[in-house]
Every structure is written in C-alpha cells, then in structure tokens.
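These notes concern the structure reproduced below.
Note that the structure is a prediction, hence the values are computed from the model and not measured. Starting from 1, each residue takes its place in the sequence as its number.
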Amino acid sequence: MSNDAQPPLIELRDIIRIYGMGEAEVRALDGVDLQIEAGDFVAIMGPSGSGKSTALNVLGCLDRPTSGNYRFHGTEVANLNRDQRALLRRHYLGFVFQGYNLLPRMTALQNVELPLIYKGIGHGERVERALVALKKVGLADRANHDPSELSGGQQQRVAIARALAGDPQVVLADEPTGNLDTKLSVEIMELLHNLNRNDGLTIVMVTHERDMAEYARRLIWMVDGKVESDRLTAKGAA
C-alpha cells in the first residue's frame with residue numbers, strides 16, 4: 001500500500017463511553033471499532049440500549065467518549081478544544097433528526113438559512129444556497145411556506161435541505177423516518193439514497209426499521225455497546 005494512502009474519513013478505535021459510576025455504571029459503548037470512507041452510506045441498527053444513538057452522538061461531537069480514539073480526516077478529535085469541536089460540527093457535519101426541529105415561525109427558506117447564519121455567510125449568498133438546497137430536495141416551490149403548511153415528509157425534506165445548505169462532508173441522521181408513514185419514509189430514503197449515489201454525500205443513519213436500512217450501502221448491527229456485525233446491503237453489494 002502506498003504511503004500516500006488517505007486515512008478514512010471517520011475512524012473509531014476502541015471507543016468506550018461510560019455513564020454513571022459504581023453499580024449505576026452503564027457502558028453505552030464498549031470497544032467500538034469503525035471506519036467510514038468518504039461517499040459511504042452507513043445504517044446503524046440494534047435493539048434499544050444497544051449504543052447506536054450514543055455512537056451517532058460521538059460521531060457528531062455532541063458527546064465525548066470516555067476512552068478510545070476518534071479521528072476525523074486523520075485528526076484526533078479528543079485533541080480539539082470545545083470551540084474547535086464546534087467548528088468541526090459547523091463546517092463538516094450536517095444533522096437530520098426524527099422530530100425535524102424546524103422553527104415554526106420561520107419559512108422553509110429561513111429554516112434552511114439558519115446554519116449559514118452561524119457560519120457568517122451574508123444574506124444574499126445564504127438565500128441562494130438555501131434555495132439550491134431546497135431544489136435538491138424537491139421543495140423550491142415551498143420556500144415561503146411555514147412548517148405548519150407542510151406535510152411531515154415535506155418538513156423532513158426541509159430538515160435535510162438545512163443539513164445540505166452548509167455543504168457538509170457527512171450527514172448524520174437520527175431516525176429520519178421515525179415520524180413518517182411507510183410511503184413518506186420511502187420517499188425520504190430514496191432522497192437520501194440519491195444524494196449519496198449522485199452527489200457522493202457521506203451519510204451515517206441510525207434507524208430501527210430494517211427495510212429503511214437496506215437503502216444504505218452498509219448495515220451495522222450493534223448489541224450491548226459493541227458492533228456485532230458490519231455487512232454490505234443488497235445496494236452496497238450491487
């Protein structure tokens with residue numbers, strides 16, 4: 001192998017996350033090893049309490065491991081201070097949540113603009129980038145609608161557009177179809193699949209729905225804070 005080989009986009013080595021002490025101690029993550037390359041689409045599944053959400057929080061720099069190594073682009077995240085971790089989230093990561101987390105008194109366009117405000121981007125460029133993101137998710141014609149005027153599936157599309165507007169290298173999605181019926185869930189998963197396949201967007205998704213997980217390229221199954229299996233899906237093997 002060449003010495004010029006690039007490190008994985010994301011690399012976890014022996015990640016342990018412990019909550020509580022003594023008899024109340026809980027090992028939410030117990031020695032997790034994981035590599036994610038740029039352009040991958042990974043679904044993480046497992047029973048309740050398996051550690052999948054904790055793993056996503058660690059990847060998103062929303063939680064810090066008790067021990068182990070988390071490298072992003074070869075940089076050890078543990079060596080970053082609080083402000084540097086915030087910059088990593090702001091400039092490299094996009095987040096999609098089960099509950100959409102849209103501000104009800106702002107239009108779809110204004111909601112998508114929000115992360116760009118925190119990046120210090122001027123108004124004109126914010127509007128342009130937000131409109132491009134809304135177009136990518138098929139909602140350019142709903143830019144001036146409030147969340148209350150949108151269906152659940154449309155609200156989740158706005159949330160995805162908000163994540164895309166910041167031009168992230170990785171989108172972290174926590175149960176993105178959890179509040180949607182089957183038809184809308186399929187629409188959202190097809191959107192994510194196309195963003196991964198056509199735009200090369202790296203996606204890491206937690207889900208409890210196996211049929212939704214099969215839209216990813218890899219399916220990771222976690223049990224008791226450990227990675228029990230890591231396999232290609234039918235789409236990943238194709």
Side-chain angles (χ1 to χ4, degrees), residues 9-10 34 36 38-63 89-90 92-104 106 108 111-112 114-115 130 133-139 142 145 147-148 150-222 233-236:
L9 177 59
I10 288 171
L34 180 63
I36 297 172
D40 209 347
F41 186 173
V42 177
I44 304 176
M45 295 189 69
S48 178
S50 62
K52 55 188 185 295
S53 292
T54 302
L56 199 71
N57 287 338
V58 167
L59 291 174
C61 298
L62 301 173
D63 196 2
R89 286 194 301 270
R90 190 177 304 163
Y92 294 93
L93 305 176
F95 297 87
V96 178
F97 303 98
Q98 178 177 344
Y100 321 138
N101 291 5
L102 302 180
L103 297 182
M106 300 181 77
N111 269 284
V112 175
L114 271 178
L134 283 169
K135 185 176 181 179
K136 276 189 176 182
V137 301
L139 283 181
R142 297 289 189 270
H145 286 62
S148 63
L150 303 173
S151 69
Q154 289 172 330
Q155 290 184 56
Q156 191 61 293
R157 285 175 180 265
V158 172
I160 293 170
R162 180 180 57 196
L164 296 177
D167 194 24
Q169 294 196 7
V170 183
V171 165
L172 302 171
D174 190 4
E175 300 280 6
T177 61
N179 286 346
L180 304 175
D181 63 26
T182 301
K183 180 177 181 294
L184 292 176
S185 294
V186 168
E187 289 179 4
I188 292 299
M189 291 312 305
E190 288 179 344
L191 171 62
L192 292 175
H193 174 69
N194 288 333
L195 287 168
N196 169 255
R197 181 184 59 190
N198 299 331
D199 294 4
L201 183 65
T202 306
I203 302 172
V204 183
M205 173 184 73
V206 163
T207 182
H208 65 276
E209 301 168 284
R210 185 174 289 275
D211 52 344
M212 300 298 115
E214 291 293 333
Y215 280 87
R217 294 184 178 186
R218 285 167 62 195
L219 174 55
I220 292 171
W221 185 265
M222 295 188 66
T233 64
K235 283 184 168 61

Can you confirm whether [X] sits close enough to [Y] that some side-chain heavy atom of one is under 4.5 Å from a side-chain heavy atom of the other?
X: R218; Y: I36; result: yes
X: Q155; Y: N179; result: no
X: H145; Y: V158; result: no
X: L201; Y: L164; result: yes
X: D211; Y: E214; result: no

*Start with the C-alpha gap between T202 and Q169, add the side-chain angles, then the distance that decides, and say whether side-chain contact (heavy atoms from CB on, under 4.5 Å) holds.*
CA-CA 6 Å; T202 306; Q169 294 196 7; 6.0 Å; no
For [X] against [Y], the heavy-atom pair lying closest together:
X: S53; Y: D174; answer: OG-OD1, 4.1 Å
X: G94; Y: P168; answer: N-CB, 3.5 Å
X: M45; Y: T207; answer: CG-O, 3.4 Å
X: V96; Y: P176; answer: CG1-CB, 4.2 Å
X: A161; Y: V112; answer: O-CG1, 3.7 Å
X: H193; Y: Y215; answer: ND1-O, 3.4 Å

Ignoring hydrogens and angles, tell me if any N or O in the side chain of [X] forms a donor-acceptor pair with the backbone of [Y] under 3.5 Å.
X: T233; Y: A216; value: yes
X: Q156; Y: F97; value: yes
X: D181; Y: K183; value: yes
X: K52; Y: V206; value: no
X: R142; Y: L134; value: no
X: R217; Y: N196; value: no
X: T177; Y: L180; value: no
X: R157; Y: G138; value: no
X: N111; Y: L103; value: yes

Distance (rounded to the nearest 0.5 Å) between [X] [atom1] and [Y] [atom2]:
X: K136; Y: N194; atom1: NZ; atom2: CG; answer: 12.0 Å
X: Y92; Y: L9; atom1: OH; atom2: CG; answer: 10.5 Å
X: Q154; Y: Y100; atom1: CD; atom2: OH; answer: 10.5 Å
X: R210; Y: W221; atom1: CZ; atom2: CH2; answer: 5.5 Å
X: L192; Y: I160; atom1: CG; atom2: CD1; answer: 4.5 Å
X: L56; Y: E175; atom1: CG; atom2: CD; answer: 10.0 Å

*Dump the intermediate steps for side-chain contact (heavy atoms from CB on, under 4.5 Å) on L172 and M205, then the final yes or no.*
CA-CA 6 Å; L172 302 171; M205 173 184 73; over 6 Å; no
*asked:* Would V204 and I44 count as a side-chain contact (heavy atoms from CB on, under 4.5 Å) here? Give the steps.
replied: CA-CA 8 Å; V204 183; I44 304 176; 3.9 Å; yes
*Show your working on side-chain contact (heavy atoms from CB on, under 4.5 Å) between F41 and R197 and close with a plain yes or no.*
CA-CA 9 Å; F41 186 173; R197 181 184 59 190; over 6 Å; no
